[in-house]
Amino acid sequence: MELQNLILEKEDGIALVTINRPKVLNALNADLLKELEAVVDELEQDGEVRVVIITGAGDKAFVAGADIAFMSGLNPLEAKSFSQLGQRVFSKIENMSKPVIAAVNGFALGGGNELAMACDIRIASEKARFGQPEVQLGLIAGFGGTQRLSRIVNPGLAKEILFTADQYDAETAQKIGLVNHVVPAEELINFCKGMARRIAARGPVAVRLSKEAVNQGLDMDLDKAIALEADLFGLVFTTADRKEGISAFLEKRKPAFTNK
Ligand code: HXC
């Protein structure tokens, strides 16, 4: 598939996906979301790729939201389909078997913040700004934002963010738990690549099952969730990587994981 709205680069087991519509601050339209879905499907199948990083082109925006000009022509049924398209793509990102890091390099507004929230880990540049400005347009968040935001920050804060359309700087976003780290703009991608490399060096099945345990467990009560953890802990003992990881520790050498 020829990519019109995205740039995909792969290096040493790390895929860097750049949302590439800088003239409109990387706003998301249906074509872009379909391309993103195809790229996510490809990366899911790519056995070489261990970690995915998503960022925005240019120095101003990660993604400034869904494309407002595109949405202006939608009828209610088309609007629902657009919402469902974005939700499907973002759920695929959330449920990928490999970790996904959002490198938030500027505005992450509306659908942009929703994309970042579908990623496992959010790292912000000092220039990043976050918010859900939909109510300013007479809309509501529609790519999962009402649900993911209230799970990531507390529900009261989520409602404040959704009701006021206020923007939040990177430091505030970190304070409320929306982002893990804030780094200087020029260091953002290298910081994310460094973290991706550390993750890529760990046991791939163990990383995958850790993600599965957290994601699935969040929707369960604690007893069921820790039972799932025990099941996955047992499962990881079927892997060659578990033998290799433990042997390497005991033999005081670096493990050579095979993803098996
Ligand atoms: C389409 C957009 C856009 C968007 C910016 N642009 N955001 N186009 N959709 N979401 C375009 C502008 O029209 C402009 O085009 C160019 O990008 C540069 O933007 P400026 O406004 O000139 O930049 P600046 O003054 O620096 O302001 C930056 C900004 C502002 C604060 C981010 O652009 C802004 O408020 N954008 C809209 C943010 C927003 O409301 N997002 C939520 C969308 S709703 P021209 O041609 O004039 O140069 C949403 C719903 C998701 O996301 C769920 C859907 C189901």
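Reckoned from all heavy atoms, side chains included, excluding hydrogens, waters and symmetry mates. Remember, it's 1-based here, ligands and their atoms both numbered in the order they're listed. This structure is a prediction, so every number in the text was calculated from the model and none was measured.
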Which protein heavy atom lies closest to [atom], and at what distance to 0.1 Å?
{"atom": "atom 3 (C) of ligand 1", "value": "V24 O, 3.9 Å"}
{"atom": "atom 53 (C) of ligand 1", "value": "G142 N, 3.4 Å"}
{"atom": "atom 55 (C) of ligand 1", "value": "F143 CE2, 3.4 Å"}
{"atom": "atom 40 (O) of ligand 1", "value": "P133 CG, 3.5 Å"}

Do any nitrogen or oxygen atoms of [X] come within less than 3.5 Å of a nitrogen or oxygen of ligand 1?
{"X": "F82", "answer": "no"}
{"X": "A66", "answer": "yes"}
{"X": "K60", "answer": "yes"}
{"X": "I68", "answer": "yes"}

Per-atom contacts, ligand 1 versus [X] - under 4.0 Å to a heavy atom:
{"X": "E114", "value": "51 (C), 53 (C)"}
{"X": "L137", "value": "40 (O), 43 (C), 44 (S)"}
{"X": "S83", "value": "55 (C)"}
{"X": "G111", "value": "49 (C), 51 (C), 52 (O)"}

Please compare V63, L109, N26, L28 and report which has the shortest non-hydrogen distance to atom 32 (C) of ligand 1.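 Of the listed residues, L109 has the closest heavy atom.
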Report task. Return the option from G110, G144, A64 holding the heavy atom at the smallest distance from atom 41 (N) of ligand 1. Result ->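 Looking at heavy atoms only, A64 sits closest to atom 41 (N) of ligand 1.
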Under a 3.5 Å threshold, yes or no: a donor from one side chain and an acceptor from the other, between Q132 and N113?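 Q132 vs N113: donor-acceptor pair found between side chains.
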Around [X], counting heavy atoms of other residues, nucleotides and ligands shown, do more than 12 lie under 6.0 Å from its [atom1]?
{"X": "E44", "atom1": "CD", "value": "yes"}
{"X": "Q84", "atom1": "CD", "value": "yes"}
{"X": "L74", "atom1": "CG", "value": "yes"}

[atom]: any protein heavy atom closer than 4.0 Å:
{"atom": "atom 7 (N) of ligand 1", "result": "yes"}
{"atom": "atom 24 (P) of ligand 1", "result": "yes"}
{"atom": "atom 45 (P) of ligand 1", "result": "no"}
{"atom": "atom 34 (C) of ligand 1", "result": "no"}
{"atom": "atom 10 (N) of ligand 1", "result": "yes"}
{"atom": "atom 19 (O) of ligand 1", "result": "yes"}
{"atom": "atom 30 (C) of ligand 1", "result": "no"}

Worksheet item: Is Q132 in contact with ligand 1, taking contact as a heavy-atom separation below 4.0 Å?
Response: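 The answer is no, since Q132 has no heavy atom less than 4.0 Å from ligand 1.
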Below 4.0 Å from ligand 1: does a non-hydrogen atom of K23 turn up there or not?
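K23 counts as a contact of ligand 1 under the 4.0 Å cut-off.
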Are [X] and [Y] close enough for a salt bridge, meaning some N to O gap below 4.0 Å?
{"X": "K10", "Y": "E48", "value": "no"}
{"X": "R148", "Y": "E94", "value": "yes"}
{"X": "R21", "Y": "D67", "value": "yes"}
{"X": "D120", "Y": "K211", "value": "yes"}
{"X": "D41", "Y": "K92", "value": "yes"}

* To do: For the pair F130 and Y168, evaluate ring-ring contact (aromatic ring centres under 6.0 Å, His included) and give the outcome as yes or no after the intermediate values.
  => CA-CA 5 Å; F130 298 81; Y168 301 83; 8.8 Å; no
Pick one of side chain, backbone, both or neither for how M71 approaches ligand 1, counting any non-hydrogen atom pair under 4.0 Å.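 It is the side chain that touches ligand 1; the backbone stays farther off.
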Quiz item: Can you name the residues that form a ring-ring contact (aromatic ring centres under 6.0 Å, His included) with F191, not counting sequence neighbours?
Solution: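 Only H181 meet the ring-ring contact (aromatic ring centres under 6.0 Å, His included) criterion with F191.
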| said: Just to verify, what does R253 make a side-chain contact (heavy atoms from CB on, under 4.5 Å) with, not counting sequence neighbours? | reply: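 Result, side-chain contact (heavy atoms from CB on, under 4.5 Å) vs R253: E244, S247, A248, E251.
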query: So among I121, L16, I101, which one has a side chain to side chain contact (heavy atoms under 4.5 Å, CB included) with C192?
result: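 Between C192 and the candidates, side chain to side chain contact (heavy atoms under 4.5 Å, CB included) is satisfied uniquely by I101.
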Quiz item: What is the minimum heavy-atom distance between A30 and F82, and which atoms define it?
Solution: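 Closest pair (atom of A30, atom of F82, distance): N-CE1, 3.7 Å.
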